[in-house]
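All remarks here apply to the structure that follows.
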Amino acid sequence: MSEEKSLNFIEEIIEEDLKSGKYKSILTRFPPEPNGYLHIGHAKSICLNFGLGIKYGGKTNLRFDDTNPVTEETEYVDSIKEDVHWLGFDWANEFYASDYFDQIYEFAIRLIKKGLAYVDDSTSEEIAKQKGSPTQPGTRNKYADRTVEENLQLFEEMRAGKYQDGEKVLRAKIDMSSPNMHMRDPIIYRIKHAHHHRTGDKWCIYPMYDFAHGQSDSIENITHSICTLEFIPHRPLYDWCIEKLEIFPSKQYEFARLNLNYTVMSKRKLLQLVNEKYVSGWDDPRMPTISGLRRRGYTPESIRDFADRVGVAKRDNLIEFGLLEFCVREHLNKIAQRRMVVFNPVKVILTNYPEGQTETMLTDNNPEDPNGGTREVPFSREILIEADDFMENPPKKFFRLAPGQKVRLKSAYIIQCDEVIKDTDGTITALHCSYIPESRSGNDTSGLKVQGTLHWVNAADAVEVEVREYDRLFRVDNPASEDGDFKDYINPDSLKVVTGYAEPSLKNVTANDHFQFLRKGYYCLDKDSTAEKIIFNRTVTLKDAWAKESKKK
RNA sequence: UGGCCUAUAGUAUAAUGGUAGUACGACAGAUUUUGGUUCUGUUUGUCUUGGUUCGAAUCCAGGUAGGCCAACCA
């Protein structure tokens, strides 16, 4: 089975580098900023970076890009570590850009000494104005002419806390007329008198992304520094710093970030949904966060498979949510325990079944798994079936229950509907049916063939459970590209709470189990669940060919 | 309207100058004690105009379209 899969462009580069002897082994890194929870887009990056390390016998570091103390928190660090682990990856080292602050500070001094950096006293407005525009070159101010000694002294004073936030910055001295705005004397250090989640109050100056990320890569000897497309214009600066500092030449490569339709994928927007209570938290099962997907019942396997299927390239993309659903259904079909739960019950009374009698039916836990075993479900005279599974005046090809029509009750008997019982309003209150004693599952001698098989629950044993059904968070394909506030496009019906009547075996389940409620979908226990109130999340529905068929015309 | 990146089926992604393929979706059928699963088949594509070449999705030039860049964010 040597199904050779074609390489993505990054794998091609790596194989070339390995073949040419440029590197003996590779080192990648996953570099999140701890200012929010990880989402499915990060999962793509995680699978890429760690996957590359595994595939080519290299290593991958987890490095927190924690250079902005005002937005970063330990809570986020912890959640990120949990999510990466849960996805199935182990990092070679856990690092923090803040581990390197001393070194990065020395790098800045090195630049100053080379006459390649200067302290600027301008306000941010002045700096912005002097930057020019994409069509107009920028201009340098008088501060650019400060001597090395003066810059050294001022920078040291910045570090020592002599100045207020925003009073001074350190800038790299590159080219104010570059067509690349990032090369127009970019700010590389700023003053922030803020408490850092790891370094505490040791520093009041912090390096900017462009003077921390590449340097951290270099310090760690990262060979392939993989990031998303929007960092392409940063690459010349990335290379400039490495060249001027004469440090290990890490190389940056950019791929297109993942976009999923009917959701948003920016931490800023997700944070808004959390803060403004549109969702219950970062791990709300409707969120595209890894923690949300986990709570929803997605498996790490399915997410890795998804990351694999979407591929890695350089063009912008908007992946259909359906692909993620396909991946999770495919995995859950193999592993999920089958159970029966009726959501919108109608009572069936088997008029020819002895009153007071109960028998036990045996049914497969998972027909896809030969070792899945069986379980017992009680059966008696009164059972519940789905109201949708009965129609008084059925259309053609309705293979379910209708007056005079026969169906199989899964792992039990074939029944036939004899009479519809209604109350004074005309609402159906019960169905009187007769069962065929010779049709018992396992030793059916009735010779009858029926088209439909229904799930059911014994009325006397039904366990009431809460089920949370989720739909897409947004009404539109690509909320980020719509006019106005993205929150105007939130789907008001993304959460529906319903009651289910479950077979008794569902009373004792554990948090990590995945279930398929027969003919309905895949479900898992929610963390809000208690012994008194059992709560399930619907991970995803089953494909429903009948729903599609009945919608036609 | 300066620079940079990108353009292959509905959505993604291969084909690395030599038969445009795969997955998801859609459609049709078979199987099925889940209208699930599985299996089979069908459908749909190289942005455009030139050029190079025996031969171009691929190389070159122009155009068009989309994206990114002027945070003391990353």
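- Atom pair Asp316(A):CG and U13(B):P shows a separation of 10 Å (rounding to whole Å applied).
- Residues Tyr413(A) and Phe379(A) place their aromatic rings such that the two centres sit under 6.0 Å apart.
- You'll find that the side chain of Ala313(A) is closest to A14(B), out of C68(B), A14(B), G2(B).
- Listed candidates were A12(B), C72(B), U33(B). Nearest to the side chain of Ser441(A) is U33(B).
- Distance noted for atom P between A14(B) and U1(B): 31 Å (whole Å).
- In this structure, Ser6(A) does not reach the U13(B) phosphate: none of its side-chain N or O atoms is under 4.0 Å from OP1 or OP2.
- With hydrogens and angles ignored, no donor-acceptor pair under 3.5 angstrom links the side chain of Arg519(A) to the base of U34(B).
- Defined by atom type and a distance below 3.5 Å, a donor-acceptor pair is missing between the side-chain atoms of Tyr262(A) and Asn478(A).
- Between Ile232(A) and Phe399(A), the residue anchored nearer the 5' end of RNA chain B, judged by the nucleotide with its closest heavy atom, is Ile232(A).
- Here Ser122(A) lies in heavy-atom contact (under 4.0 Å) with a base.
- Residues Glu72(A) and Ala128(A) both approach RNA chain B. Their nearest nucleotides, taken by heavy-atom distance, put Ala128(A) toward the 5′ side.
- Rounding to whole angstrom units, CZ of residue Phe211(A) and P of A74(B) are separated by 14 Å.
- In this entry C68(B) has G3(B) as its Watson-Crick or G-U wobble partner, both defining distances falling under 3.5 Å.
- Set against C68(B), G36(B), G2(B), the side chain of Ala545(A) has G36(B) as its closest nucleotide.
- The residue Pro32(A) sits apart from the nucleic acid: no heavy atom pair falls under 4.0 Å.
- Between the P atom of U33(B) and the OH atom of Tyr413(A) lies a distance of 19 Å, rounded to the nearest Å.
- Phosphate contact (OP1/OP2 of C72(B), side-chain N/O of Lys192(A), threshold under 4.0 Å): absent.
- Gly36(A) comes within 4.0 angstrom of no nucleic acid atom, judged by non-hydrogen atoms across all strands.
- Within 4.0 Å of Arg309(A), counting heavy atoms only, lie sugar-phosphate atoms of the nucleic acid but no base atom.
- Nucleotides G51(B) and A56(B) have their P atoms positioned 12 Å apart, rounded to a whole Å.
- If you check every strand for non-hydrogen atoms under 4.0 Å, Thr363(A) touches nothing.
- Nucleotides A15(B) and C54(B), compared at atom P, are 26 Å apart to the nearest Å.
- The closest side-chain donor-acceptor pair between Asp66(A) and His197(A) falls under 3.5 angstrom.
- Asn35(A) comes within 4.0 angstrom of no nucleic acid atom, judged by non-hydrogen atoms across all strands.
- Under the Watson-Crick or G-U wobble criterion, with both distances below 3.5 Å, U31(B) is left unpaired in every strand shown.
- Atom CZ of Arg184(A) is separated from atom C1' of C69(B) by 10 Å (rounded to the nearest Å).
- Centre separation under 5.5 Å together with a plane angle under 30° does not hold for the ring of Tyr209(A) and the six-membered base ring of A74(B), so they are not marked as stacked.
- One N or O donor and one acceptor, one from the side chain of Arg338(A) and one from the base of U34(B), sit under 3.5 Å apart.
- For the 3.5 Å distance criterion, the side chains of Arg472(A) and Thr263(A) fail to qualify, holding no donor opposite an acceptor.
- Here the side chain of Lys410(A) is nearest to one of U33(B), A74(B), A7(B), namely U33(B).
- With no hydrogens or angles considered, a side-chain donor-acceptor pair links Asn141(A) and Asp120(A) at under 3.5 Å.
- In the interface, the side chain of Glu368(A) is paired with the base of G36(B) through a donor and an acceptor atom under 3.5 Å apart.
- For the P atoms, the distance linking C27(B) with U37(B) amounts to 14 Å, nearest Å.
- As rounded to whole Å, 11 Å separates atom P of C39(B) from atom CG of Asn333(A).
- In this structure, G55(B) makes no Watson-Crick or G-U wobble pair, since no nucleotide meets both defining distances under 3.5 angstrom.
- Val70(A) comes within contact range of no nucleotide atom at all, as no heavy-atom separation falls under 4.0 Å.
- Separating the P atom of U58(B) from that of G3(B) is a span of 24 Å, rounded to the nearest Å.
- Separation of the C1' atoms belonging to C47(B) and U42(B) is 27 Å when rounded to the nearest angstrom.
- Comparing G17(B) with C24(B), their C1' atoms sit 31 Å apart, to the nearest whole Å.
- Close to U33(B), at under 4.0 Å from its OP1 or OP2, lies no side-chain N or O of Lys449(A).
- Rounding to whole angstrom units, CD of residue Glu320(A) and P of G25(B) are separated by 9 Å.
- Rounded to whole Å, the P atom of U32(B) lies 25 Å from the corresponding atom of A23(B).
- Within 6.0 Å of NZ in Lys55(A) there are more than 12 heavy atoms belonging to other residues, nucleotides or ligands.
- Under 3.5 Å, the side chains of Glu156(A) and Tyr105(A) contain a donor-acceptor pair of N or O atoms.
- Contact of Gln516(A) with G36(B) (side chain to base): no donor-acceptor pair of N or O atoms is detected under 3.5 Å.
- Within the 4.0 Å cut-off from OP1 or OP2 of C69(B), not a single side-chain nitrogen or oxygen of Lys131(A) is found.
- In this structure, a donor-acceptor pair under 3.5 Å is present between the side chains of His455(A) and Glu386(A).
- Of all nucleotides present, none satisfies the Watson-Crick or G-U wobble test against U8(B) with each distance under 3.5 Å.
- Remark: U19(B) base-pairs with no nucleotide; criterion is Watson-Crick or G-U wobble with both hydrogen-bond distances under 3.5 Å.
- Between G67(B) and Arg257(A), no contact under 4.0 Å exists linking OP1 or OP2 to a side-chain N or O.
- If you measure from atom NZ of Lys551(A) to atom P of A26(B), you get 11 Å, rounded to the nearest angstrom.
- Evaluation of atom-type donor-acceptor distances gives no pair under 3.5 Å for the side chain of Thr453(A) against the base of U34(B).
- A distance of 6.0 Å or more separates the ring centres of Phe517(A) and Tyr522(A).
- When heavy atoms are screened at a 4.0 angstrom cut-off, Val169(A) is found touching base atoms of the nucleic acid.
- Side-chain atoms of Arg400(A) lie closest to G35(B) of the nucleotides G35(B), A74(B), G25(B).
- Contact annotation for Tyr189(A): no contact, since no heavy-atom pair falls under 4.0 Å across all strands.
- Between the side chain of His182(A) and the base of A71(B) there is no donor-acceptor pair of N/O atoms closer than 3.5 Å.
- Applying the 3.5 Å distance criterion, the base of G36(B) shares no donor-acceptor pair with the side chain of Arg329(A).
- Between the side chains of Thr363(A) and Ser411(A), at least one donor-acceptor pair of N or O atoms lies under 3.5 Å.
- Note on Lys314(A): every side-chain N or O is 4.0 Å or more away from OP1 and OP2 of G67(B).
- In this model, the phosphate group of A74(B) is approached by a side-chain N or O of Arg190(A) to a distance below 4.0 Å at OP1 or OP2.
- Computed from coordinates, the Tyr238(A) OH to C69(B) P distance equals 20 Å when rounded to whole Å.
- No engagement by Ile414(A) is indicated, since no non-hydrogen atom pair under 4.0 Å with the nucleic acid exists.
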